[in-house]
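Reading through the structure tokens given below for one structure.
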Amino acid sequence: MVSGGFNNDCNIDLIVSTFGDNTIELYSNDGSGNFSLFSLLPNTLGGITGIKFIDLNGDTFEDIVVCSYNNDKVVWFANDCGGGNFSIAGEK
């Protein structure tokens, strides 16, 4: 689990990656410490070893970077300017 902000509302949100279900889940904080599932990110990586919020493209909105050991990949999910929609912007 990693904390950060995807929508620039000054509330700390969460990303959770699950091993058994092999999912990447984004949880939004309502400002009172209550979290709700906001979206599921497409995950074809399997075996996630690292996940992080970081602004890779300098637009002030935090993107998501995920690493996988099953297929030796790093995937960048670009944030659509705070709307909570992420798309795969890069993969190595």
Side-chain angles (χ1 to χ4, degrees):
M1 177 172 41
V2 175
S3 63
F6 70 87
N7 54 9
N8 285 4
D9 66 359
C10 298
N11 299 319
I12 301 298
D13 305 308
L14 300 174
I15 309 170
V16 176
S17 61
T18 61
F19 182 75
D21 293 332
N22 200 30
T23 63
I24 301 170
E25 302 168 356
L26 182 60
Y27 288 87
S28 178
N29 182 349
D30 69 1
S32 299
N34 299 309
F35 294 86
S36 58
L37 180 62
F38 187 81
S39 67
L40 295 173
L41 300 180
N43 180 19
T44 58
L45 297 172
I48 295 169
T49 56
I51 192 163
K52 184 164 179 69
F53 273 121
I54 187 169
D55 180 14
L56 286 178
N57 54 4
D59 65 358
T60 72
F61 296 99
E62 291 188 339
D63 306 308
I64 297 172
V65 176
V66 180
C67 303
S68 165
Y69 71 83
N70 278 3
N71 51 17
D72 297 325
K73 285 189 178 180
V74 176
V75 176
W76 165 28
F77 293 93
N79 187 335
D80 74 343
C81 300
N85 297 311
F86 291 84
S87 58
I88 295 175
E91 189 173 310
K92 282 264 186 192

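It should be emphasised that the depicted structure is a prediction, and the values quoted were computed from it without experimental measurement.
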Across all chains, not counting sequence neighbours, the side chain to side chain contact (heavy atoms under 4.5 Å, CB included) partners of L56 are I54, D63, V65, W76
Side chains of N11 and D30: closer than 4.5 Å at any heavy-atom pair?
no
For D72, the side chain to side chain contact (heavy atoms under 4.5 Å, CB included) test, sequence neighbours excluded, returns none
Applied to residues 31-54, the salt bridge (Lys or Arg N to Asp or Glu O under 4.0 Å) test, sequence neighbours excluded, yields none
Flag, side chain of E62 to backbone of G5, donor-acceptor distance under 3.5 Å: yes
Distance col, row N34:CG vs N29:CG, nearest 0.5 angstrom, shows 7.5 Å
Applied to residues 24-48, the ring pair (Phe, Tyr, Trp, His ring centres under 6.0 Å) test, sequence neighbours excluded, yields F6-F38
Hey, quick one: are L14 and V66 part of the same hydrophobic cluster, counting side-chain heavy atoms closer than 4.5 Å, chains of contacts allowed? no
For N7, the side chain to side chain donor-acceptor pair (under 3.5 Å) test, sequence neighbours excluded, returns D9
With sequence neighbours left out, the residues meeting side chain to side chain contact (heavy atoms under 4.5 Å, CB included) with T60 are N8
Quick check: is M1 connected to L40 through a chain of hydrophobic side chains (ILVMFWY, heavy atoms under 4.5 Å apart)? yes
Hits for side chain to side chain donor-acceptor pair (under 3.5 Å) against S28, two or more places apart or cross-chain, chain-then-number order -> none
Side chains of residues 84-92: which donor-acceptor partners sit under 3.5 Å, not counting sequence neighbours?
unit_1: N85; atom_1: ND2; unit_2: D80; atom_2: OD2; d: 3.1
unit_1: E91; atom_1: OE2; unit_2: K73; atom_2: NZ; d: 2.6

Should L26 and F53 count as side-chain neighbours, where that means a heavy-atom distance under 4.5 Å?
yes
T49 and S68 have their tightest heavy-atom pair at OG1-N, 4.1 Å
Cluster membership besides I12, Ile/Leu/Val/Met/Phe/Trp/Tyr side chains within less than 4.5 angstrom, sorted by chain and number, is none
CG of L37 to OG1 of T23, rounded to nearest 0.5 Å, is 9.0 Å
